Each structure stands twice: as C-alpha cells, then as structure tokens.
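One structure is given below, encoded as structure tokens.
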Amino acid sequence: MNSSPIPIKIALGADFLVSFSRLPPKQQKQVREFLDKFTENPTGSALHDEPIQGARDPNLRSVRMGSEYRGIVLKPQQGNVYVLLWVDHHDEAYRWARNRTCTIHPQTGTIQVIRTETVEPEASGTLFGAPAAMFASIPSPTPIPMQEMAEQEAPGFFDAVDDPTLLSLGVPEALLPHVRRIRREADIESAETFLPQEAFEAVFLLAAGYTPEEVRKELDISHEPMVDTDNFAAAMERAGSKRQFVVVTDAIEIEKILAVPPDQWRIFLHPSQRRLVEMTANGPVQVLGSAGTGKTVVAMHRAAWLAKRLDVPGQKILFTTFTRNLAADIAENLKKLCSPDEWNRIEVIHLDAWVRRFLEKQGYFLKMTYDEDANAMELWSKALNMLPSPLSFSPDFLRSEWVNVVQAYGIMQMQEYLRVSRVGRSQRLSRSERQAIWPVFEEYRALLLEKGLSEPVDAYRDATKLIQDQRIGFPYAAVIVDEAQDFGNEAFRLLRELVRPGVNDLFIVGDAHQRLYGHQVILSRCGIDIRGRSRKLRINYRTTEEIKNWATGLLRGLDVDDLDVGLDDLTGIRSLTHGSQPVVQSCSSEEEAVERISAHIRQLMAYENAVPEAICLVTRSNRELDMYEKYLLEKFPAVHRIETSRADDRTKPGLRLATIHRVKGLEFDHMIVSGHRDELEPALEGKGSSLEHRILMYVAATRARKSLLVCRIHAT
C-alpha cells in the first residue's frame, strides 16, 4: 500500500509580516499574488524556488515575488514545512538570508532565527548538529566595546550562572561567548541585537535579579526531552515557536492576516500569555498586571479561544468592560482576531448597557444617572434638606458617605447602616449621628425612583435580585471581565449570576493601580472564589523601562488592593525596552504650551521618523482639547479627535487627541500630557491628597511606547 502524502505545513514569521508592511502597495499586491499560488502548490516550479548563493543555512531558499523582490523561505531537508521568513528588494533579501540561520534549540525545542554575523566558530566543529563552518566565515562584530583594563577584568554579569543553565533558558550554544562578555548593565539591551527573543528575555530577567527558576516560570520555559533538531513541523507547535510563527491553512487566512496593520498581538502570543489564554480552570480566574503587560490582549485571545471550542448551539461568550469606549475598542479588535463564526459567538458590551437592556426586557424602564448629571445633583440638593439643622456635616462629606459606604456596601436599611464598618473613613460617626444622617440617603433614593432614575449600583442590585428571584438563565458559557478594577461589589455579584459556576466560567483581568471609577472590591464576598487561580503578568511589552519607572514613581506610597483581600504592588515588573527619560516642561500660558508641543511634534517627525497617527495629546477636559484642536489644525495638515463611545478609526490621518479617560486601553508611540498646574502638579509632586490626579497621570503616561512629554501650564 502507498502511504498518504505528508500534508504540507505553511507558516508566516513575525519578521516576514514586518517586512511586508514596509513594502510599497504595488509590491504588496505582487506578494499577495505569490502567496495565492504558494498556498495552492508550495512545490510548484512556477514559484522559482532557488538556493541562495553564499548562505550559511542550506535550508533557506529564495522565491520570486515580482520581478525585483524576493521572499526568503525556510525549507528544511526533512518534512513538508515551508516558513516565510522575509521579503525585500532582491539584493537586500539575499543579504538578510546570508546573515541568518534558522535552527531548533536542542533543549527548549523552539525555532530560533540567529544572526550569523555575531557568531564565532566553536572548536567542537558542530553547532546544534550543523557544521561549524556554517558560522565560521562571519567575523564577530564585538558587541561589547573595549573597556579600560580594570573594567575588562570585572566579573561577567552571568558568572554565577553556568552554561547548562543558560542553555536551558534558550541561549544558543554558539552565542554563549557573547553572553559571557556582558559585564555592565548598560550592555544588557545590546544583547537583543544578537540573541533570539526568548534568550534575550531570559538574560534580561536574570540580570534584573530573577533566579533561573523564576525565569522559567515567568517565561513559561519548559525543558523538552529528546528534541529532534531536524523536525521543524513538531517545533512549530511549541509555545515558544508560536510566539514568532503562525501556521496558516489557506490563502483566505493569509489575506486576513495581511489585510490590516501588523499588530503582532493579534497573531503572536508570549508563552506566558498563551498559558493563561489556553488554561482549563475549575472556577473563576483572576489575572493582574500593571499597564502594558498585555492583560486585555490575553482577555481577547481568551474569548476567541473559548468561542472556538463552544459545542452547544446558541451558547455565547460574554465580554464586558466598564465604559462604552473600551467596549467599542475591544469589539473592533476582536473582529480582527476572530473568524466570522467565532465573532458571532461573542457578545461585547459594557455592563451598564447590558443591565439597561435586561431591565427593560423585564419591564423596568429606569434611566441610569451618574455623578455629573444635573438631574441627580438637583435631587441630591433636595435630599440634603433632610439633615437636622444642628448637624454640620458638609455636602461633600455626605456625598462621599453615600458613595463609599451606603452604595459600596449595598445598604438598603438604616439598621444595616448602623452596623456597617467604616474603617478607613476620615471622620468617625456615632450611632446617633448615623441615625440623623440616614434620612438624607433614604430621601435621595426615593427622589430617584420618583423621577425614574437609578444609579448604576442600584440597577446592578435590581438586576441581580430579579435573576435570583425568577431563576433566569442566560446562554453564556463564560464571562470575561476587562478593567475589573473599575467594577464594584454589586457589579461582581451580578456577573456571578450570569454564568453557572464551573469550568472556565469567569475570567477577570484588572489592575487597581489604574482604578478611575470604582471602589475597592472583594471578590470572595461577591461569591467569586479565585483561590489558587490568581495569576500575575510581570513583563511590560509596551512601555520603556524609563517611562515605566517614572509612572510607577507617581504611585509610590499607595496601598493598592489586589481586587480581593490582599494587596498588589508594582515590584518585579520589567520592561524589555529602553528609551529616553520622560520630559516635564513648564509653560506660562496655553499659547506657549501650544508652541512647545508643536515644536516637540515636529522634532518627533523629523528625527524619530514618527508618523502623526503614532502621536497622541491628552488633557483632562474637553475644553482644553477644543483649544488644542483649534491651534494644532493651523500648524499640521490633519488632527483626529478620538471620540467617546467610538473605536479609534486608524484609517483617519492625523495627530491623535483625546481626554485621559478616553485614551485608557489604547497605546501610542509618543504621548503628550498637557494641563494646568492645579491638575498636574499634585500628581507630579506625589501629594497624599491627590490620589485621582496620580492615577490619571499614571494611566496617561503608560499609554506611551517610546516617549513622554508632560506640559504644565502655570497660567494665572
């Protein structure tokens, strides 16, 4: 009998997508035409598959993608695997290929693309089972500059780590001498130029003080027994390889990947993120992580992963978050991430909208009201008349008592208020004072009902009671909660009712350091038990170490909860990139601020090659934003304001403008924060009374990937 042919496996590399995105539109079209033919028949003679003269890796081949452009393909001698690694102009593509080898690490089993010009020959004669001659004629670029004699004799950064340990963490054997020559902290970043990504991250974390065991856990590195370094098909299925290669099945899937900008998060996941996305949990899971660690990315991939595995007709995944604009951004990104079938199984909606829709179906037509609503403030003023005249509590204190005690703890009766703990409140209240205050709260709630209004926390409570009393069920197989820090206890009590307890029921991601709206929540008191299923992301993929350190300093001294009974902190968070220090400038007027900001933007575009769409200016208020929009339109061709409740339309050209609240959940290469002295100085100086200012500034600063400018206006 003839055995059936081995199926051909085609994969795209992360570098290929980056190189494709840089091509002119005409060449991109030619690449797409090539890929259509390639997926139909990867072995066809019309593809002009050719060896590369002078290449050290015999598994690398070139293919024609138009008359002047070439693609570089990995075609191992064993197995039916084709991996597209690079595309470029003829000469540049060949130059790239001659300086690269593609191997399988013998311990981690991960596919690694190594720059051979940094590799020196080994006496053993073999490297990863390949002839050392593959690397021999490439001189070392000496990545560590020559130092003074005393500095040369300084101990190496990794002298305490033996070679077997470094190898087990993914460092290629051929590059061990280069790692050994790292003697200064300043040289760590240069290691990224010659180490594969998994090895660089391991070296980076070792230098930051992690033990080898902590590195393995953080990066989800596992030792693969009996790795076949010739089996690229098996290596492609490992988590470390999936971080940089994606297997595709047909031309339609490839076109979906190429049709939008190369957002790496949509296609490639870090192994530590993939571990959370694909975990099977016997109950609720909590994922914490500071800004930039990829919490929302994990949540979105989790939704797609679960949707793909639904096997009961009509079942759905509910993805909810706190505000309309975040829900809009997430829906827009999930559409790009999911297949049409997967997207149809996911419902993305912010919780207030879900509750409003549910209550209306039950015959409750209450309009939600918020703190800034004029109607609510008028009713609150009327309710204050119920306060006995001898008492002298301020309106602000009473409002805070209502929000942080009565509503936060779901208090409906005076007896409950008399018993509730007020630990942490700035002013003590006797039993008689509580009794005297209670009529204010009772009257306010009555006035709201009379006008057909409801605060969100009351609406959550009403919805929860209806579900429990009427035993209403929902088609949700799982509920995913993003920005969990902004939800209160009543919201989580409701969320607990929306999905039956069981496997993969709740997936909750958040960071209390970014809490803008809610109050401290204790999940265990809401019927959500996360014991043994709480995880934390510690690697910052967005923000440079300099910006991260500056932003973290804004929150120094604050005790921040972990969304349950413990505390969370920002220690151990590491950014994998470095850059310039944030700049804080002072201006005497709004006009001067506009001039300085305009000059800064021009400098970014001239010297950093920044495109306007990668630069975002944020302010606290829409009034300030109106002013900047007017003046910047006079100085730049296009300005695009990111509207509330709408996803950012990336096809719109121009500088980005947004309020700090609106920009939450987004990211840009360059951030500019501008505001008046009373708005910014409390945060910058770290005054204890400016918690809101400090968190807002932290959120704004951590949207930046590369640079941050803070502009303080000292106008009188």
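Please read all numbers here as calculations on a predicted model, not as lab measurements.
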Salt bridge check: are [X] and [Y] linked by an N-O gap of less than 4.0 Å?
{"X": "R461", "Y": "D458", "answer": "yes"}
{"X": "R641", "Y": "D626", "answer": "yes"}
{"X": "R574", "Y": "E545", "answer": "no"}
{"X": "E347", "Y": "R357", "answer": "yes"}
{"X": "R445", "Y": "E455", "answer": "no"}
{"X": "D562", "Y": "K536", "answer": "no"}
{"X": "R356", "Y": "E360", "answer": "no"}
{"X": "R531", "Y": "D564", "answer": "no"}

Inset, instruction - State which residue, out of V509, L276, D511, fulfils the side-chain contact (heavy atoms from CB on, under 4.5 Å) condition with L537. - result: L276
Inset, instruction - Please name the residue in the list R656, R542, K706 that meets the side-chain contact (heavy atoms from CB on, under 4.5 Å) test with F668. - result: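 Among the candidates, only R656 passes.
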[X] side chain to [Y] backbone, donor-acceptor under 3.5 Å:
{"X": "E443", "Y": "P439", "result": "no"}
{"X": "E218", "Y": "E214", "result": "no"}
{"X": "R662", "Y": "E643", "result": "yes"}
{"X": "E416", "Y": "Q413", "result": "yes"}
{"X": "Y210", "Y": "G572", "result": "yes"}
{"X": "R434", "Y": "Q415", "result": "no"}
{"X": "D505", "Y": "G502", "result": "yes"}
{"X": "N504", "Y": "A281", "result": "yes"}
{"X": "R496", "Y": "L506", "result": "no"}
{"X": "E332", "Y": "D329", "result": "no"}

Side-chain contact, heavy-atom cut-off 4.5 Å: [X] with [Y]?
{"X": "I411", "Y": "V420", "value": "yes"}
{"X": "L418", "Y": "W438", "value": "no"}
{"X": "T544", "Y": "S575", "value": "no"}
{"X": "Y698", "Y": "Q514", "value": "yes"}
{"X": "V499", "Y": "L318", "value": "no"}
{"X": "I508", "Y": "V287", "value": "no"}
{"X": "K664", "Y": "E483", "value": "yes"}
{"X": "T659", "Y": "N622", "value": "yes"}

Inset, instruction - Given side-chain contact (heavy atoms from CB on, under 4.5 Å), test F322 with D352 step by step and report yes or no. - result: CA-CA 8 Å; F322 191 74; D352 285 6; 5.6 Å; no
More than 12 heavy atoms of other residues, nucleotides or ligands under 6.0 Å from [atom1] of [X]: is that the case?
{"X": "F397", "atom1": "CZ", "value": "yes"}
{"X": "Y541", "atom1": "OH", "value": "yes"}
{"X": "K451", "atom1": "NZ", "value": "no"}
{"X": "R275", "atom1": "CZ", "value": "yes"}
{"X": "Y476", "atom1": "OH", "value": "yes"}

Heavy-atom pair with the smallest gap, counting every atom of [X] and [Y]:
{"X": "H513", "Y": "I695", "result": "O-CG2, 3.6 Å"}
{"X": "V521", "Y": "R515", "result": "N-NH2, 4.3 Å"}
{"X": "C587", "Y": "A593", "result": "SG-CA, 3.7 Å"}
{"X": "T320", "Y": "I349", "result": "OG1-O, 2.8 Å"}
{"X": "P284", "Y": "I528", "result": "CB-CG2, 3.7 Å"}
{"X": "H670", "Y": "S707", "result": "ND1-OG, 2.6 Å"}

Give me the ring orientation class for [X] and [Y]: parallel if the planes are under 30° apart, tilted from 30 to 60°, perpendicular past 60°.
{"X": "F487", "Y": "F492", "result": "perpendicular"}
{"X": "F358", "Y": "W354", "result": "parallel"}
{"X": "W265", "Y": "H301", "result": "perpendicular"}

Determine whether the side chains of [X] and [Y] contain a donor N or O and an acceptor N or O closer than 3.5 Å.
{"X": "S621", "Y": "E624", "value": "yes"}
{"X": "Q585", "Y": "H600", "value": "no"}
{"X": "T323", "Y": "N325", "value": "yes"}
{"X": "R493", "Y": "T464", "value": "no"}
{"X": "N540", "Y": "T293", "value": "no"}
{"X": "T619", "Y": "Y628", "value": "no"}

Inset, instruction - Report the C-alpha separation of F441 and Y417 in whole Å, then their side-chain angles, then the decisive distance to 0.1 Å, and conclude whether the ring pair (Phe, Tyr, Trp, His ring centres under 6.0 Å) test is met. - result: CA-CA 10 Å; F441 306 143; Y417 182 54; 5.8 Å; yes
